[in-house]
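Notes follow the structure.
When reading the values below, keep in mind they use all heavy atoms of this one structure, side chains included, and skip hydrogens, waters and symmetry mates. Just follow the structure's listing: the first ligand is 1, and inside any ligand the first atom is 1.
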Amino acid sequence: MAATATEPQRTSVLGVPVDVCADVGEAALALWQRGGGQIVTLNAEMTMAAKADPALGAAVASAALVIPDGAGVVWALGRQGFRVRRSPGIELARNLLVHAAAHGWRVALVGGSPAVMEQLTARLRQELPGLQLVLSAHGYQSAEAWPGLEQQLVGARPDLVLVALGVPRQETWIQQLPGRRGGLWMGVGGSFDVWAGVKKRAPTWMGALQIEWLYRLVQEPSRWRRMLALPAFAWAVLRQG
Ligand code: UDP
């Protein structure tokens, strides 16, 4: 990724802000150069959640960069005349880790189960030997442990923090973190599970057919209720004209 500044263009889908950028990797690096901020990866499910949950809505609205992750959001932007490529958050996060390893960035990882975090850090040490991990903490800490961990995290002055606590917690946690400044802070959902080898991403042919959601549903049937947001999203976008 080259660090040339590209100005993302802010628009919205169903009233939820999203940034159209030529290259999300470049936009993220430009944000880091400007002093950092929160990155949100927006899909259809999250758009509906942000409309229904004021705390998540506020976190998305105050994020420095909101990237269109998911076929639904790309489709809705297309109806507004924006031709954008889908930018899966997991790919941006991985590219940022590679960049971090090559440029001596200070990296922190928060979230995932204790076993996933252990496997993930072992794998990353192998796959990205230059990676400077200043903090790694699983996402099932006791309530008493969080404030100390948060202080340690902010004090570590990270350049990149990937947070896998699930939506909406990861977004609101980042937004409300006391003393946060500098660096890129990004919620990554189930990415740690995928990188640790615990979960699989949908095969590329399913991505091409835009039915990654179906793969996800088969892998995690308990998500069906959450996924009712998808037809609701499509209906709301179509109704807008
Ligand atoms: N998680 C966590 N602490 C919690 C709840 C969840 O660290 O209290 C982690 C969980 O282990 C998983 C991630 O958060 O790695 C959520 O992944 P999911 O695919 O559900 O993300 P979403 O679809 O909500 O973005």
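- By the 6.0 Å contact criterion, CD on Gln80 is enclosed, its count of non-hydrogen atoms from other residues, nucleotides or ligands being greater than 12.
- The single protein non-hydrogen atom nearest to atom 15 (O) of ligand 1 is Asp193 OD2, 2.7 Å, given as residue, atom name and distance.
- Using a non-hydrogen distance threshold of 4.0 Å, Arg223 registers as a contact of ligand 1.
- Under a cutoff of 6.0 Å and an axis angle of 45°, Arg123 and Trp195 do not form a cation-pi pair.
- Contact between Tyr140 and ligand 1 is present, with at least one heavy atom of the residue lying under 4.0 Å from the ligand.
- Between Glu91 and Arg86, no side-chain nitrogen of the basic residue sits less than 4.0 Å from a carboxylate oxygen of the acidic one, so the salt-bridge criterion is not met.
- Atom CD of Gln141 sits in a crowded spot, with more than 12 heavy atoms from other residues, nucleotides or ligands closer than 6.0 Å.
- Protein heavy atom closest to atom 13 (C) of ligand 1, with residue, atom name and distance, is Gly189 O, 3.5 Å.
- The two residues Asp19 and Leu65 come nearest to each other via the heavy atoms OD2-CA, 3.3 Å.
- By the 3.5 Å distance cut-off applied to N or O atoms, Val167 is counted among the residues near ligand 1.
- Scanning the protein for heavy atoms near atom 14 (O) of ligand 1, the closest one is Ala164 O, 3.1 Å.
- Under a 4.0 angstrom heavy-atom cut-off, Arg169 registers as being in contact with ligand 1.
- For atom 7 (O) of ligand 1, the closest heavy atom belonging to the protein is Gly112 N, 2.9 Å.
- The protein non-hydrogen atom at the shortest distance from atom 19 (O) of ligand 1 is Arg216 NH2, 2.5 Å.
- Interface atoms of ligand 1 facing Gly190, defined by a heavy-atom separation under 4.0 Å, are 17 (O), 18 (P), 19 (O), 21 (O).
- A salt bridge (charged side-chain N to carboxylate O under 4.0 Å, His left out) with Glu45 is found for exactly one of Arg216, Arg226, Arg225, namely Arg226.
- Within the 4.0 Å heavy-atom criterion, the part of Arg226 lying near ligand 1 is the side chain and not the backbone.
- Close approach of ligand 1 to Ser113 (heavy-atom distance below 4.0 Å) involves ligand atoms 11 (O).
- Arg10 CZ: more than 12 foreign heavy atoms inside a 6.0 Å radius.
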